[in-house]
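Single-structure report; data block below.
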Amino acid sequence: MYYTELRLLIDFDIFILIWMTQLLVYPSFLHYTKSNLMKWYTSYTARITAVVARFMLAQITIVTFSLWQEINALSILYTVLIYST
């Protein structure tokens with residue numbers, strides 16, 4: 001079941017990305033003026049989307065494949081959680 005390890009790796013990558021955003025990006029907002037923050041934020045959202053979208057698409061793909069391979073309570077729960085966020 002290689003997809004289980006792949007799923008864990010993708011989930012861990014997303015976890016680290018979220019953690020870094022919370023610890024590094026959001027606190028940096030305090031160092032911007034309102035107008036500079038809006039300029040930076042527009043640029044930031046476009047760039048971070050390029051990174052996050054790949055992880056999210058990989059996560060959706062692997063969870064769909066996982067559910068298709070084996071339908072059980074855990075795979076259903078995981079699928080519902082991923083598709084609901």
Side-chain angles (χ1 to χ4, degrees):
M1 287 200 221
Y2 66 91
Y3 58 87
T4 303
E5 290 84 13
L6 183 59
R7 185 178 70 200
L8 287 173
L9 180 63
I10 293 167
D11 290 346
F12 182 72
D13 290 342
I14 291 173
F15 172 77
I16 293 298
L17 184 64
I18 291 169
W19 193 31
M20 287 177 54
T21 301
Q22 293 291 326
L23 294 177
L24 300 173
V25 175
Y26 291 157
S28 71
F29 289 176
L30 297 172
H31 303 284
Y32 288 93
T33 63
K34 187 174 183 174
S35 63
N36 284 341
L37 178 61
M38 294 312 295
K39 289 177 192 174
W40 176 83
Y41 187 74
T42 302
S43 171
Y44 162 77
T45 53
R47 290 181 293 172
I48 198 70
T49 298
V51 174
V52 173
R54 292 176 181 151
F55 287 125
M56 292 176 73
L57 288 173
Q59 192 176 43
I60 288 171
T61 303
I62 199 74
V63 74
T64 303
F65 178 76
S66 175
L67 183 64
W68 180 69
Q69 288 292 312
E70 183 178 358
I71 297 177
N72 57 35
L74 186 58
S75 63
I76 292 170
L77 175 64
Y78 189 76
T79 304
V80 168
L81 288 172
I82 295 301
Y83 276 93
S84 66
T85 55

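Legend: residues meeting side chain to side chain contact (heavy atoms under 4.5 Å, CB included) with Tyr26, ordered by chain and number and at least two apart, are Thr21, Gln22, Phe29. Residues satisfying the side chain to side chain contact (heavy atoms under 4.5 Å, CB included) test with Ile16, not counting sequence neighbours, are Phe12, Trp19, Met20.
Note that CZ of Arg47 is 10.5 Å distant from OG1 of Thr42, once rounded to the nearest 0.5 Å. Asn36 CG to His31 NE2: the interatomic distance, rounded to the nearest 0.5 Å, is 13.5 Å. Atom CG of residue Leu81 and atom CD1 of residue Ile76 lie 12.0 Å apart, to the nearest 0.5 angstrom. Between Thr61 atom OG1 and Ile82 atom CD1 the span is 11.5 Å, to the nearest 0.5 Å. Atom CD of Gln69 is separated from atom OG1 of Thr4 by 10.0 Å, given to the nearest 0.5 angstrom. Rounded to the nearest 0.5 angstrom, Gln59 CD and Leu9 CG are separated by 11.5 Å.
With hydrophobic clusters built from ILVMFWY side chains whose heavy atoms lie under 4.5 angstrom apart, Val51 shares a cluster with Trp40. Taking hydrophobic clusters as Ile, Leu, Val, Met, Phe, Trp and Tyr residues chained together by side-chain heavy-atom distances below 4.5 Å, Ile18 shares a cluster with Phe55. By the rule that hydrophobic residues join a cluster once side-chain heavy atoms approach within less than 4.5 Å of another member, Leu57 and Ile10 end up as members of separate clusters. Residue Leu30 is not grouped with residue Met38 when hydrophobic side chains (ILVMFWY) are merged at heavy-atom distances under 4.5 angstrom, including chains of intermediate members.
Ring pair Tyr41/Tyr44 is tilted by interplanar angle, where 30° to 60° counts as tilted.
Although no hydrogens or angles enter the test, the distance criterion places no donor-acceptor pair under 3.5 Å between the side chain of Ser75 and the main chain of Ser66.
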Side chain to side chain contact (heavy atoms under 4.5 Å, CB included) between Leu67 and Val63: does it pass, once the steps are laid out?
CA-CA 6 Å; Leu67 183 64; Val63 74; 5.8 Å; no

Test side chain to side chain contact (heavy atoms under 4.5 Å, CB included) applied to Ile48 and Leu17, step by step
CA-CA 10 Å; Ile48 198 70; Leu17 184 64; 4.2 Å; yes

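The neighbour count for Trp68 CH2, taken as heavy atoms of other residues, nucleotides or ligands under 6.0 Å away, does not exceed 12.
For the pair Tyr78/Asp11, a side-chain contact is recorded, criterion being any heavy-atom separation below 4.5 Å from C-beta on. Within the 4.5 Å cutoff, side-chain heavy atoms of Thr64 are placed close to those of Ile60.
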